[in-house]
Amino acid sequence: MKSIFVAGTDTDVGKTYITAGLAVALRKIHVDVGVMKPFAAGAAQKKGYKSEDVEILTRAAQTSDPENLVNPQFFPIPASPYTAWKNLKTKPKVSTILSSFKKLSKLHEMILVEGMGGIMTPILKDYYITNLIKEMKIPTVIVTRSKIGTVNHTIMTIKMCEKYKIPVKGIIINDFDDDGYPVKNLKRDLENLTGVKVLGSIPFIKDMSDASLNRIFKKNIDLNTLLK
Ligand SMILES: Nc1ncnc2c1ncn2[C@@H]1O[C@H](COP(=O)(O)OP(=O)(O)O)[C@@H](O)[C@H]1O
Ligand SMILES: [Mg+2]
């Protein structure tokens, strides 16, 4: 079973929520799924994992893998790895990310890897999230929102994946904005314009419990295509 890189059209589009929901839904159909957040950034939590994203992801997947594998590098400022490096003088360790991913892959059937920001978030000079995905040798799923502007962001993201020869398994529309496009129209247009399948759309999630996430993701996402 192939691992999947959950990329987004931007930061705050819902990569963490979608990855968590997928982890729950896959676990419920008996896939041994692990999670990874190669680089995380922001204010460190006082308890548990430093990254709140990692906390949400591991709770959803119900894994207890060591933090140095799940999140090999944490920057305590909200910035890209590149900017964090320049500001804090801590260089992003790509080789550590790749070796941690390899180790984690041996512990589970598949890993859901949450990206950072958008697809061109810089890690090093001339080395972006796209380069990392390419080196991990896994396909990607693109999380996009439904708000006006999303068509532009989604096309740019998919064009970049094409440029870097990253297979795109599908798009997931995170329909949590109340002023977004009607999902039916957005799905039609994104599929026609990009040739990539929309695997489903997720409404506003009120309840992050296991049962709620499983119900929402099982109902709304084409998990079979995701696993193919
Ligand atoms: N489907 C959703 N339902 C409700 N709130 C959501 C949903 N998706 C995202 N959010 C909100 O948006 C914020 C950003 O989502 P998150 O998954 O952390 O984005 P990303 O990982 O892409 O930065 C979350 O903290 C949450 O408040
Ligand atoms: Mg996140």
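Atoms within a ligand are numbered from 1 in the order they appear, just like the ligands themselves. The shown structure was predicted, so the numbers you read here are calculated from the model rather than taken from an experiment.
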*Provide the protein N, O or S atoms situated under 2.8 Å from the Mg ion (ligand 2); waters are not included.*
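Under 2.8 Å from the Mg ion (ligand 2) - ignoring waters, which are not counted - the protein N, O or S atoms are Thr16 OG1, Asp53 OD2, Glu114 OE2.
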
For ligand 1, list all ligand N or O to protein N or O distances below 3.5 Å, rounded to 0.1 Å.
unit_1   : atom_1 : unit_2 : atom_2 : d
ligand 1 : 1 (N)  : Asn174 : OD1    : 2.9
ligand 1 : 1 (N)  : Pro203 : O      : 3.2
ligand 1 : 3 (N)  : Ile205 : N      : 2.7
ligand 1 : 8 (N)  : Asn174 : ND2    : 2.9
ligand 1 : 17 (O) : Thr16  : N      : 3.1
ligand 1 : 17 (O) : Tyr17  : N      : 3.0
ligand 1 : 19 (O) : Gly14  : N      : 3.1
ligand 1 : 21 (O) : Lys15  : N      : 3.4
ligand 1 : 21 (O) : Thr16  : N      : 2.9
ligand 1 : 21 (O) : Thr16  : OG1    : 2.8
ligand 1 : 21 (O) : Glu114 : OE2    : 3.1
ligand 1 : 22 (O) : Asp12  : N      : 3.4
ligand 1 : 22 (O) : Val13  : N      : 3.2
ligand 1 : 22 (O) : Gly14  : N      : 3.1
ligand 1 : 22 (O) : Lys15  : N      : 2.9
ligand 1 : 22 (O) : Lys15  : NZ     : 2.9
ligand 1 : 23 (O) : Asp12  : N      : 2.8

*salt bridge (Lys or Arg N to Asp or Glu O under 4.0 Å) partners of residues 57-73, not counting sequence neighbours, each pair once*: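 As it turns out, the salt bridge (Lys or Arg N to Asp or Glu O under 4.0 Å) pairs with a partner in residues 57-73, which skip direct neighbours, are Lys50-Glu67.
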
*Asp10 with Arg145: basic N within carboxylate O range, under 4.0 Å*: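 Salt bridge between Asp10 and Arg145, a charged N being under 4.0 Å from a carboxylate O: no.
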
*Lys218 atom NZ, over 12 foreign heavy atoms within 6.0 Å*: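 Incorrect, the count does not exceed 12.
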
*asked:* Taking CD in Glu52 as the centre, count heavy atoms belonging to other residues, nucleotides or ligands within less than 6.0 Å. Is the count above 12?
replied: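 Atom CD in Glu52 is not packed in, count stays at 12 or less.
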
*Scan side-chain atoms only and decide if Thr83 and Ser80 contain a donor-acceptor pair under the 3.5 Å cut-off.*
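There is such a pair between these side chains.
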
*Partners of Tyr49 by ring pair (Phe, Tyr, Trp, His ring centres under 6.0 Å), sequence neighbours excluded?*
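Tyr49 satisfies ring pair (Phe, Tyr, Trp, His ring centres under 6.0 Å) with no residue once adjacent residues are dropped.
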
*Report the C-alpha separation of Asp53 and Lys15 in whole Å, then their side-chain angles, then the decisive distance to 0.1 Å, and conclude whether the salt bridge (Lys or Arg N to Asp or Glu O under 4.0 Å) test is met.*
CA-CA 9 Å; Asp53 280 8; Lys15 294 182 300 296; over 6 Å; no

*Decide yes or no for Val70 and Ser51: does some side-chain heavy atom of the first lie under 4.5 Å from some side-chain heavy atom of the second?*
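No, too far: nothing below the 4.5 Å cut-off.
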
*asked:* Which heavy atom of Thr154 sits nearest to which heavy atom of Thr144, and what is that distance?
replied: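 Taking Thr154 first and Thr144 second, the nearest heavy atoms are OG1-OG1, 2.9 Å.
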
